[in-house]
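A quick write-up on the structure given underneath.
Whatever order the structure lists them in is the order used to number ligands and atoms, beginning at 1.
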Amino acid sequence: MKHTFDAIIVGSGGSGLYAALEVSARAKTAVLSKVYPVRSHTGAAQGGISAALGNVEEDDPRWHAFDTVKGGDYLVDQQAALLMADEAVQAVYDLENRGLPFNRTSDGRIDQRRFGGHTRNFGEAPVRRACYAADRTGHMILQTLYQQCIKNGVHFYDEYQVLDLVLKGNRCAGVVALQLSTGDIHLLESKSVLFATGGFGRMFKITSNAYANTGDGPAICARRGIPLQDMEFFQFHPTGIKGLGILISEAVRGEGGVLKNNRNERFMARFAPTLLDLAPRDMVSRAILTEIRAGAGIRGDRKIDDYVHLDATHLGRETLQSKLPDITDFCKTYLGIDPAENPIPVLPTAHYGMGGIPTDTHGRVVVDNKGTLIHGLYAVGECACVSVHGANRLGTNSLLDLVVFGRRAGRHMAEYVAGEEAETIPDDAADFAREQIARLTEKKEGLHGGHIMDDMRTTMMENIGIYRNATDMTRAVKEMTELREKYQMVRTQDRGRSFNTDLLELIELGNLLDLSLITAVSALNRQESRGAHSREDYPDRDDSIWLKHTLAYLDMNEVRLAYKDVDTSIWTPKPRQY
Ligand SMILES: Cc1cc2nc3c(=O)[nH]c(=O)nc-3n(C[C@H](O)[C@H](O)[C@H](O)COP(=O)(O)OP(=O)(O)OC[C@H]3O[C@@H](n4cnc5c(N)ncnc54)[C@H](O)[C@@H]3O)c2cc1C
C-alpha cells in the first residue's frame, strides 16, 4: 500500500508532535508511531522544563546557556546552546498559551524550581529555572500537543512501526512501515521525513526508559550510511529505584531532598561543595559509586548493587503531595515505603543518550564535518544530536530541546517542501524491509532472541557503564560483534500477522545491537574522561586531542570513525568545578 505526503514525522513524543504542529499548518503531514501517541516516553518525564523566565529569582538566558555548556563538559556546540536558552522563554510561554497547566506562584505566574547544574551568574549558586506541572510535566506537554495536532488535522498512523528509510541519492523519498494490527507493509512517499524516535536506554540492563526506547531511528539511519554522533556519551541518572531503575526525579533534590551514605552523611558536600546534591548528573552518579566502592553504601559490602539513601522526609507530607505526587506513589507501589517517613533506596540508572543522528539547528541531518546534507531528512529530540547536551545533559534541558528544536525543524520542513517537487518512491523500495521480516520469520529452525537481549543488556551495563576502562570496553566490542552474528540466526516463535510482538521485539533487538556496537566502539576509541564518559585508565579530560565530536559510520560489521569540530566560539573550555 502506498500513501503520499509532503511531510512524514516518525515518532509522536514531544519533539515529533511539536514539529507536526508547525509543519501541518502548511503541508500535508503524517505522524507514524509504534505506540499510541500519548504513550510515548515524553509522557513519563517528571521534573520540569527549563527556561530563564526569572519568575521567582533573577535569571538570564546567557547563564542558562553557560550552564548547559559547562554541564556538557565543553563538548556542547555553544551557539546552539545559546539559541536554545534564548528561545526557551518564548517556547514555555507558547506551551502555556496552548493550555499547559503549569504550577503557579502565589501571584499567578509559572512557578520554577531548582535542578542540577542550573545556576545564577555563571555558577554562583543554584537558581530556580525549571518550570513544572507537579511531577507530570512531560505528561502535560504530550497531552497539550496531541490535542493541538488533532485540531490541526494531522494524519496519525498509530501503531505503525517504521522499518526503513528510502533515499534517492542524497535526497529523502519516504519510509517503509509495518502496520502492527494487520502485518501489512506500507510505503509512504514524501518530500521530507523527520525522525523523532526518542532514546535507546533499553540497551542497558537497568534503565529508566520505556520498553519502546530501542533507538529505531538512529539504527535505521546508520544502516543507510548516516553517521551517529557522540554515541559514547550515555547518561546515568543518579537516582533510580534500587534494583528496578524506575526514575526518582531530580526534582526531589530540587525541592531539597538530600543523598546520604551509611553514616547518615550528606556526602555530596565532599564532591561538589557549592552545588552539593544539585551538581550535574555525571558527577553525582560517580560520587554514589565512589561511596559504595569505599564501603559507605547502606549495606556497606562494596558490591555494585549496594545503594545510598535519598532523604526527602524533611520536606513534609504536604510538599511531597503537592509537588511530587507521582514520586510518592511510586515509592509506595514499588518499595512499600512512604517518602515522608523513610529515605528512598536509590542507585544510578541508565537514562539518556546524549548522542544520536547529527543535525544542524534547523533539525537538518548533516552527514560529515563539511556540513553535507541529505535533502529533506530531519531529526529532532533524543534520537538527534544538535549538539546541545555535549558530554552530559542537564536535567530539564531535554524537554526544552524537544520543544525548541521540534518547532524549528517543523518550520524549516514547511518551507522546504513548499519549494520541492513531489518525490516518487520506486515499488521495490520495500524489498529490504520485506527481506528483513522474511529472515526473521521464515527459518525452519533458529535461536530465541531473549537470551541475546539479556546478554546485550548485561554486557553494556557491566562494561560501558559509569566507570570504564580499555579491558571492559574491548570485551563489550567483542561480545557485541558475536551477538550480532548470533542475531543472524534468530527466528520468531510466533508466525501470526496481527500484533506479532515477537517479531517487533526481534526487529528492536537488531536495532539495539547495532547501536550497542557503535556505542562500545566509540567509547573504546575516546582516550580521555569527559562528562558521562569516565575512564579509569584515562582519568583526565584532554582538550588538546579530544575536544571534538565523534562520528561513527556503520559499515556492515565494522564501525568507521571520523570527527567533527566543536563550536567553542563563546566560552573557552575550563576545568569543571561545582
Ligand atoms: C522517566 C523519565 C523522566 C524524564 N524526565 C525528564 C524531565 O523531567 N525533564 C526533561 O527535560 N527530560 C526528562 N526526561 C528525558 C525526556 O523525557 C526524553 O528525552 C524525551 O521525552 C524524548 O522525547 P522524544 O520526542 O525524543 O521521544 P519519545 O517521547 O521517546 O517518543 C518516541 C516516539 O517515537 C516513536 N517510535 C520509535 N520508534 C519508532 C518506529 N520504528 N516506528 C514508529 N514510531 C517509532 C514512539 O512510538 C514514540 O512516539 C525523562 C526521561 C525519562 C525516561
Side-chain angles (χ1 to χ4, degrees), residues 8-20 31-50 113 115-116 130-133 135-142 145-146 156-165 175-180 188 194-202 207-220 235 237 239-241 245-251 254 281 326-327 330 349-354 356-357 379-384 389 393-403 405-406 433 504 507-508 511:
I8 285 178
I9 311 247
V10 185
S12 61
S15 61
L17 290 185
Y18 218 115
V31 173
L32 287 86
S33 176
K34 66 178 177 179
V35 302
Y36 186 71
V38 289
R39 295 186 65 86
S40 304
H41 191 65
T42 298
Q46 303 166 351
I49 174 168
S50 50
R113 63 180 164 208
F115 243 81
C131 313
Y132 64 100
D135 51 4
R136 302 176 186 129
T137 314
H139 173 88
M140 297 303 182
I141 290 180
L142 209 52
L145 294 178
Y146 186 54
F156 277 93
Y157 287 89
D158 297 342
E159 298 180 324
Y160 278 64
Q161 174 120 356
V162 170
L163 302 178
D164 199 8
L165 164 69
V175 296
V176 182
L178 176 72
Q179 182 178 6
L180 304 187
L188 292 105
L194 178 141
F195 279 101
T197 56
F200 32 89
R202 299 304 300 180
T207 176
S208 65
N209 280 201
Y211 281 89
N213 288 10
T214 54
D216 303 354
I220 289 169
Q235 175 170 85
H237 191 295
T239 59
I241 292 183
I246 294 170
L247 195 73
I248 299 294
S249 171
E250 196 170 294
R281 291 174 178 170
D326 277 3
I327 294 296
F330 289 168
T349 181
H351 185 59
Y352 184 89
M354 268 73 72
I357 307 163
V380 74
E382 192 171 338
C383 73
H389 308 305
R393 172 175 74 81
L394 293 188
T396 68
N397 267 356
S398 173
L399 290 180
L400 180 61
D401 169 0
L402 311 183
V403 175
F405 293 107
L504 292 187
I507 294 170
E508 292 174 342
N511 293 336

Is there a heavy atom in [X] that sits closer than 4.0 Å to ligand 1?
| X | result |
| --- | --- |
| Ala44 | yes |
| Gly48 | yes |
| Arg393 | yes |
| Arg39 | no |
| Gly138 | no |
| Thr137 | no |

Considering only heavy atoms of [X], which atoms of ligand 1 have at least one such atom less than 4.0 Å away?
| X | result |
| --- | --- |
| Tyr352 | 19 (O) |
| Gly14 | 25 (O) |
| Gly47 | 7 (C), 8 (O) |
| Gly381 | 26 (O) |
| Ser40 | 29 (O), 31 (O), 48 (C), 49 (O) |
| Thr396 | 9 (N), 10 (C), 11 (O) |
| Ser208 | 1 (C), 53 (C) |
| Gly11 | 33 (C), 34 (O), 35 (C), 49 (O) |

Check: [Y] and [X] side chains under 4.5 Å, non-hydrogen atoms:
| X | Y | answer |
| --- | --- | --- |
| Ser50 | Leu394 | no |
| Leu178 | Leu504 | yes |
| Leu188 | Tyr160 | no |

Closest to atom 33 (C) of ligand 1 by heavy-atom distance, out of Ser33, Ala130, Ala196, is Ala196

Could you check which of Ile9, Thr42, Leu178, Asn397 puts a non-hydrogen atom nearest to atom 22 (C) of ligand 1?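 Nearest option to atom 22 (C) of ligand 1, by heavy atoms: Thr42.
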
Donor-acceptor pair, [X] side chain versus [Y] backbone, under 3.5 Å?
| X | Y | answer |
| --- | --- | --- |
| Ser208 | Thr349 | no |
| Gln235 | Arg393 | yes |
| Asn209 | His351 | yes |

Considering only non-hydrogen protein atoms, determine which one is nearest to [atom] and report residue, atom name and distance to 0.1 Å.
| atom | value |
| --- | --- |
| atom 4 (C) of ligand 1 | Ala45 CA, 3.4 Å |
| atom 50 (C) of ligand 1 | His351 CE1, 3.7 Å |
| atom 24 (P) of ligand 1 | Ser15 OG, 3.6 Å |
| atom 2 (C) of ligand 1 | His41 NE2, 3.5 Å |

Do [X] and ligand 1 have an N or O pair less than 3.5 Å apart?
| X | value |
| --- | --- |
| Asp216 | yes |
| Ser398 | yes |
| Gln161 | no |
| Leu399 | yes |
| Val380 | no |
| Val162 | yes |
| Val35 | yes |

(message) Before you tell me yes or no, could you show the steps for Asp326 and Gln46 under side-chain contact (heavy atoms from CB on, under 4.5 Å), namely the whole-Å CA-CA distance, both residues' side-chain angles and the distance that decides it to 0.1 Å?
(response) CA-CA 8 Å; Asp326 277 3; Gln46 303 166 351; over 6 Å; no

When every non-hydrogen atom of Ala133 is compared with those of Met140, the smallest separation belongs to CB-CG, 3.7 Å

Ile220 and Phe195 have their tightest heavy-atom pair at CG2-CZ, 4.2 Å

What residue among Thr197, Asp216, Asp158 forms side chain to side chain donor-acceptor pair (under 3.5 Å) with Lys34?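 Single side chain to side chain donor-acceptor pair (under 3.5 Å) partner of Lys34 among Thr197, Asp216, Asp158: Asp216.
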
Tested for side-chain contact (heavy atoms from CB on, under 4.5 Å) against Ile49, the lone hit among Leu400, Asn397, Asp401 is Leu400

At what distance, to the nearest 0.5 angstrom, does CD1 of Ile9 lie from OG of Ser15?
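The distance works out to 9.0 Å.
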
- Message: If you apply the rule side-chain contact (heavy atoms from CB on, under 4.5 Å), what do you find for Phe115 with Ser249, and how did you get there?
- Response: CA-CA 10 Å; Phe115 243 81; Ser249 171; 4.0 Å; yes

inquiry  = I'd like to know whether Tyr352 forms a side-chain contact (heavy atoms from CB on, under 4.5 Å) with His237, so could you lay out the CA-CA distance, the side-chain angles of the two residues, the decisive distance to 0.1 Å, and finally the verdict.
reply    = CA-CA 8 Å; Tyr352 184 89; His237 191 295; over 6 Å; no

Margin query: Applying side-chain contact (heavy atoms from CB on, under 4.5 Å) to Arg202 and Thr207, what does each step give before you reach the verdict?
Written below: CA-CA 7 Å; Arg202 299 304 300 180; Thr207 176; 3.7 Å; yes

